[in-house]
Amino acid sequence: MKKPQGILVTGTDTGIGKTTVATLIAKGLLSMGMKEIGVFKPVETGVVDVPQDALKLKESAECCEEVDIVAPYTFRDPVAPWVASKRENRPISFTKIEEVYNRIAEKHSIIIVETAGGLFVPISTEGNYADLAKCLNLSIVVVVGLRLGAINHALLTIQAAKSLGLNVLGYVLNEFEKDDSPGAVTVEETLREFSGVACLGRIAHGEFTVEKGREIAEKVLA
């Protein structure tokens, strides 16, 4: 069986729309006629009852996997995975994450994986999301929140990923909150000039349409 394409959706910060972009890509792929779309959120924190990010991913991709497979590790406290697992005394195993990913891979031609936090957030003492991307051979999509400070965060994330030999497909600009300040509006032109990777799309405030998802998905697959 052909190995599925794995895409890791990460971001420059927390709360800047990683789940939004991941679900848009899934919806875009569906609109292109792709049916075997897997989704995976290895660790979700801040879970009171149902892991909401994992549920959104599952529903957007029309994925057949149960939620506890999409998100095999869930923790109550809204903190980094390593911290959350320590607080609950439930260690996170890279081996288990890889096993679950491979189980999903058996049934799907493409898998969208979402980080909890940024690329270098520790998952466990075994490593961070960059290490996981190398382990699972995932290509990187960086979600960049359009706000002051995003340029440095985006360039650091992209350059660090490239320095580790990771395949960076590009970045998605997300206007997750309305911000017309000079610092925010100049992010796009600056990253186009200095990032060295493709801009996969720009999501205007509230522009969560299937058409936008398809636009981004087409560039991801190009």
Side-chain angles (χ1 to χ4, degrees), residues 2-13 15-42 44 51-65 67 70-71 101 104-105 107-115 119 129 133 136-147 150 154 157-158 161 166-179 184-185 187-189 191-192 195-222:
K2 182 181 177 182
K3 189 172 184 179
Q5 179 178 357
I7 299 165
L8 183 73
V9 178
T10 189
T12 54
D13 206 342
I16 47 84
K18 295 187 300 297
T19 304
T20 296
V21 171
T23 56
L24 276 179
I25 293 172
K27 291 176 181 178
L29 292 170
L30 280 175
S31 76
M32 295 163 63
M34 296 187 67
K35 299 301 181 184
E36 297 176 343
I37 305 166
V39 289
F40 190 38
K41 177 127 183 175
E44 184 167 342
Q52 292 299 317
D53 289 353
L55 185 61
K56 290 174 184 176
L57 290 169
K58 171 181 164 61
E59 292 176 346
S60 67
E62 299 180 4
C63 181
C64 63
E65 302 291 351
V67 174
V70 175
Y101 177 86
I104 298 171
K107 307 174 187 176
H108 302 90
S109 58
I110 188 167
I111 304 176
I112 301 168
V113 183
E114 185 192 344
T115 65
L119 194 61
Y129 283 100
L136 301 180
N137 194 30
L138 305 175
S139 297
I140 311 298
V141 171
V142 181
V143 180
V144 181
L146 281 171
R147 67 180 177 193
T157 299
I158 292 165
L166 297 173
N167 178 32
V168 182
L169 297 173
Y171 58 89
V172 176
L173 299 165
N174 184 29
E175 190 180 15
F176 66 102
E177 57 187 9
K178 199 65 179 174
D179 188 349
V185 299
V187 171
E188 184 171 1
E189 64 176 303
L191 292 184
R192 286 186 186 274
S195 70
V197 297
C199 177
L200 303 172
R202 184 186 191 280
I203 304 170
H205 186 62
E207 189 185 17
F208 308 133
T209 64
V210 173
E211 291 75 20
K212 177 57 65 174
R214 180 166 183 154
E215 173 193 323
I216 296 169
E218 287 176 343
K219 292 179 180 177
V220 166
L221 296 181

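No hydrogens, no waters, no symmetry mates; every other heavy atom, side chains included, goes into these values. Note that the structure is a prediction, hence the values are computed from the model and not measured. Positions are given from 1 along the sequence.
When every heavy atom of V113 is checked against every heavy atom of P42, the shortest pair comes out as CG1-CD, 3.8 Å. For the pair V168 and A161, the tightest heavy-atom approach, listed with the atom from each and the gap, is CG2-CB, 3.7 Å. Pairing each heavy atom of A61 with each of V39, the nearest pair is CB-CG1, 3.7 Å. The minimum heavy-atom distance between F208 and L24, with the atom names listed, is C-CD2, 3.9 Å. Closest non-hydrogen pair, A133 versus L166, comes out as CB-CD2, 3.9 Å. When every heavy atom of K18 is checked against every heavy atom of G11, the shortest pair comes out as CD-N, 3.5 Å.
The CD atom of Q52 sits 11.0 Å away from atom CG of L57, with the distance rounded to the nearest 0.5 Å. One finds the CG atom of N137 at 11.5 Å from the CG atom of L8 (value rounded to the nearest 0.5 Å). Between atom NE2 of residue H205 and atom CD of residue E177 there is a gap of 8.5 Å, rounded to the nearest 0.5 Å. Annotation: the span from L138 atom CG to Y129 atom OH amounts to 11.5 Å, rounded to 0.5 Å. Within the model, atoms CD of E59 and NZ of K27 stand 9.0 Å from one another, a figure rounded to the nearest 0.5 Å. The line from CD1 of I110 to CG of L29 is 5.0 Å long, rounded to the nearest 0.5 Å.
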Going through the distances and angles, do L136 and I111 end up as a side chain to side chain contact (heavy atoms under 4.5 Å, CB included)? CA-CA 11 Å; L136 301 180; I111 304 176; over 6 Å; no
Begin with the C-alpha distance, continue with both residues' side-chain angles, and end with the deciding distance and a verdict on side chain to side chain contact (heavy atoms under 4.5 Å, CB included) for K35 and S109. CA-CA 9 Å; K35 299 301 181 184; S109 58; over 6 Å; no
Given side chain to side chain contact (heavy atoms under 4.5 Å, CB included), test V141 with V172 step by step and report yes or no. CA-CA 7 Å; V141 171; V172 176; 4.0 Å; yes
Decide yes or no on side chain to side chain contact (heavy atoms under 4.5 Å, CB included) for Y171 and I158, but give the supporting numbers first. CA-CA 9 Å; Y171 58 89; I158 292 165; 4.2 Å; yes
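The shortest distance between side-chain heavy atoms of V67 and P51 falls below 4.5 Å. Side-chain contact between R202 and L146 is present, with at least one heavy-atom pair separated by less than 4.5 Å. Looking only at side-chain heavy atoms (C-beta outward), V144 and T157 stay at 4.5 Å or farther from each other. Proximity of L191 to L173: side-chain heavy atoms (C-beta onward) are separated by under 4.5 Å at one or more points. Using a 4.5 Å heavy-atom threshold, the side chains of L169 and I140 count as separate. By the 4.5 Å heavy-atom criterion applied to side chains, F176 and R147 are counted as neighbours.
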Using distance only, find each side-chain donor-acceptor pair of residues 213-222 under 3.5 Å and give its atom names and separation, not counting sequence neighbours.
from: R214; atom 1: NE; to: E218; atom 2: OE2; distance (Å): 3.2
from: R214; atom 1: NH1; to: S31; atom 2: O; distance (Å): 2.9
from: E215; atom 1: OE1; to: K212; atom 2: NZ; distance (Å): 3.1
from: E215; atom 1: OE2; to: K212; atom 2: NZ; distance (Å): 3.4

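Judged purely by atom type and a 3.5 angstrom limit, N174 has no side-chain atom pairing as donor or acceptor with the backbone of V143. With hydrogens and angles disregarded, a donor-acceptor distance shorter than 3.5 Å links the side chain of T23 to the backbone of T20. Remark: side-chain polar atoms of E44 are paired, donor with acceptor, to backbone N or O of A54 under 3.5 angstrom.
The environment of E207 atom CD is dense: over 12 non-hydrogen atoms of other residues, nucleotides or ligands sit within 6.0 angstrom. Annotation for K58: atom NZ counts as buried by contact number, over 12 foreign heavy atoms lying within 6.0 Å.
Side-chain atoms of E114 and T19 form a donor-acceptor pair, as typed in the model, at a separation below 3.5 Å.
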